[in-house]
Amino acid sequence: MGNTDRKYRLLVINPGSTSTKVSLFENEECIFEKSLFHDAPVLLQYPHVNDQVPFRYQVIMDMLKEEKQDPEKIDVFVGRGGSAYTQPGGVTKIDERLYDDTTAAVGGSEHPAKLGVMLAWKFAQEFHKDAYTLNPTNVDEYGDYARLTGIKGVYRVSHSHVLNQKAVAEYHAKKMGKKYEECNFIVAHIDGGITVSAHEKGRMVDGNMGADGEGAFTPTRIGSVPVLSLLDYIEEHSVAEVRLMCSRAGGFVSLFGTSNSDTIHQMKEENDPKASLVWNTMIYQICKMIGEMSAVLCGKVDGILLTGGLMRFADIAEGIEKRCGWIAPITVYPGEMEQEALAYGALKVLRGEEEAMVYSGKPVWSGFPYMNS
């Protein structure tokens with residue numbers, strides 16, 4: 001066992017599609033937490049998400065300087081992750097293989113969460129410390145029925161806000177006096193990206209691939225679009241443009257030129273017809289996703305948990321309650337629990353209470369052998 005009396009300092013780095021959130025923890029105590037919003041036009045100056053690393057690195061260094069914190073005195077760097085090959089849930093040590101596969105997005109998704117691993121590794125190399133990640137966006141616990149599509153060789157994979165969804169589900173189960181492994185939940189992370197997933201007895205068995213063009217449209221993503229309509233659109237535009245719209249330039253950005261939800265919501269509150277239609281359609285599409293996940297769980301749902309930054313707007317919860325309240329009790333957890341989850345996961349490793357996994361460089365699941373014929 002490690003020394004539980006020692007005070008560890010952990011820097012938690014959490015890049016999102018519209019923000020960079022940074023927290024400094026001393027053991028379980030949060031010394032500071034800051035989040036800087038980046039409007040879509042700022043981030044779209046960078047042709048590729050990887051190109052944002054120097055910009056976000058400087059953002060973090062500026063935050064540390066403003067808080068009078070010396071990065072040399074930080075014991076470990078913890079980053080949100082994603083985009084590598086699929087991984088099991090839990091804490092993973094960031095090494096060169098994980099960094100390289102994350103950078104190359106070998107898992108097929110260019111989610112900005114990948115920058116958490118890349119930035120934590122950059123800090124770790126610069127200041128000669130260790131780096132970890134926890135429950136990245138590519139954690140895969142899917143069942144077989146969640147994987148297959150109607151195109152040979154094309155499969156659905158897990159790309160979701162796993163970190164926050166699992167943290168919220170575990171917290172809610174504890175409030176119920178139960179373990180996460182004893183409950184069935186539908187968890188909706190609603191922010192710049194939106195993912196809704198089914199959690200069955202401690203495993204996230206299905207959900208939408210938000211950054212891949214599936215589910216509700218969001219402040220930055222196109223969501224599900226009829227395939228033939230999308231092909232017609234590509235004929236007039238480009239595949240590269242559509243790829244960008246899947247993760248960074250769709251949704252509100254495409255419809256309004258900004259990803260700023262406060263601006264769009266204010267327009268909706270002032271009865272702007274376009275803003276009202278777009279905002280209410282987003283809620284409508286989220287409800288459809290929740291309905292899908294209730295079917296995955298055969299209607300046996302212990303709770304619908306709504307989390308993420310957009311849950312600061314009460315009308316989203318009201319709209320979901322109206323359409324989905326009959327499925328299960330609805331509980332709102334505005335914001336997210338990601339910073340604490342990242343810090344506490346790494347802290348268990350530092351204390352010797354848990355062993356960090358080593359990234360295998362191979363996907364958790366690699367296909368159905370009997371589907372090759």
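All residue numbers in this chain count up from 1 along the given sequence. When reading the values below, keep in mind they use all heavy atoms of this one structure, side chains included, and skip hydrogens, waters and symmetry mates.
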I'd like to know whether [atom1] of [X] has more than 12 heavy-atom contacts from other residues, nucleotides or ligands below 6.0 angstrom.
X      : atom1 : result
Lys348 : NZ    : no
Lys201 : NZ    : yes
Arg243 : CZ    : no
Lys129 : NZ    : yes
Glu355 : CD    : no
Gln45  : CD    : yes
Tyr171 : OH    : no
Glu236 : CD    : no

Salt bridge [X]-[Y], side-chain N to carboxylate O under 4.0 Å:
X      : Y      : answer
Arg351 : Glu28  : yes
Lys7   : Asp75  : no
Lys114 : Glu110 : yes
Glu26  : Arg9   : yes

Looking just at side-chain N and O atoms, do [X] and [Y] make a donor-acceptor pair shorter than 3.5 Å?
X      : Y      : answer
Ser259 : Asp39  : yes
Asp315 : Trp279 : yes
Tyr85  : Asp101 : no

**Study point:** Criterion side chain to side chain contact (heavy atoms under 4.5 Å, CB included) on Val358 and Thr92, from CA distance to verdict
**Key:** CA-CA 6 Å; Val358 176; Thr92 302; over 6 Å; no

Practice item. Measure across Ala216 and Met289 and return the closest heavy-atom pair with its distance rounded to 0.1 Å. Key: N-SD, 3.1 Å

Revision key, fill the gap. Nearest heavy-atom contact between Glu354 and Val91 is OE2-CG2, 3.8 Å

[X] side, atom [atom1]; [Y] side, atom [atom2] - distance, nearest 0.5 Å:
X      : Y      : atom1 : atom2 : value
Tyr142 : Ser197 : OH    : OG    : 7.5 Å
Tyr284 : Ile320 : OH    : CD1   : 14.0 Å
Asp62  : Lys34  : CG    : NZ    : 9.0 Å
Asn184 : Met293 : CG    : CE    : 13.0 Å
Lys65  : Ile60  : NZ    : CD1   : 16.0 Å
Met209 : Arg221 : CE    : CZ    : 11.5 Å

Practice item. Report the C-alpha distance between Cys183 and His199 in whole Å, list the side-chain angles of each, state the deciding distance to 0.1 Å, and finish with yes or no for side chain to side chain contact (heavy atoms under 4.5 Å, CB included). Key: CA-CA 8 Å; Cys183 302; His199 296 245; over 6 Å; no

Shared hydrophobic cluster for [X] and [Y] (ILVMFWY, side-chain gaps under 4.5 Å):
X      : Y      : result
Tyr132 : Leu134 : yes
Val225 : Ile286 : no
Val12  : Leu350 : yes

Study note, to complete from the structure: Residue set satisfying side-chain contact (heavy atoms from CB on, under 4.5 Å) with Asp70, at least two apart, ordered chain then number -> Glu72, Lys73

Review point. What is the ring orientation for Trp365 with Phe368, classed by angle as parallel under 30°, tilted 30 to 60°, or perpendicular over 60°?
Key: perpendicular

Review point. Is the cationic atom of Lys274 (NZ for Lys, CZ for Arg) positioned less than 6.0 Å from the six-membered ring centroid of Phe256 and within 45 degrees of its normal?
Key: yes

Quick check: [Y] with [X] (ring centres under 6.0 Å apart)?
X      : Y      : value
Tyr8   : Phe25  : no
Phe77  : Trp121 : no
His172 : Tyr180 : no

Check your understanding: For Glu338 and Asn14, what are the C-alpha separation, side-chain angles and deciding distance, and is it a side chain to side chain donor-acceptor pair (under 3.5 Å)?
Key -> CA-CA 8 Å; Glu338 294 177 343; Asn14 187 348; 2.5 Å; yes

Practice item. Just do the side chain to side chain donor-acceptor pair (under 3.5 Å) check on Asn208 and Thr195 with the steps written out, would you? Key: CA-CA 6 Å; Asn208 69 300; Thr195 55; 4.9 Å; no

Revision key, fill the gap. Of Lys362, Arg156, Arg203, Arg147, the one forming a salt bridge (charged side-chain N to carboxylate O under 4.0 Å, His left out) with Asp140 is Arg147

Check your understanding: Does Val154 sit in a hydrophobic cluster with other residues, and if so which ones, taking ILVMFWY side chains as linked at heavy-atom separations under 4.5 Å, directly or through other members?
Key -> Ile151

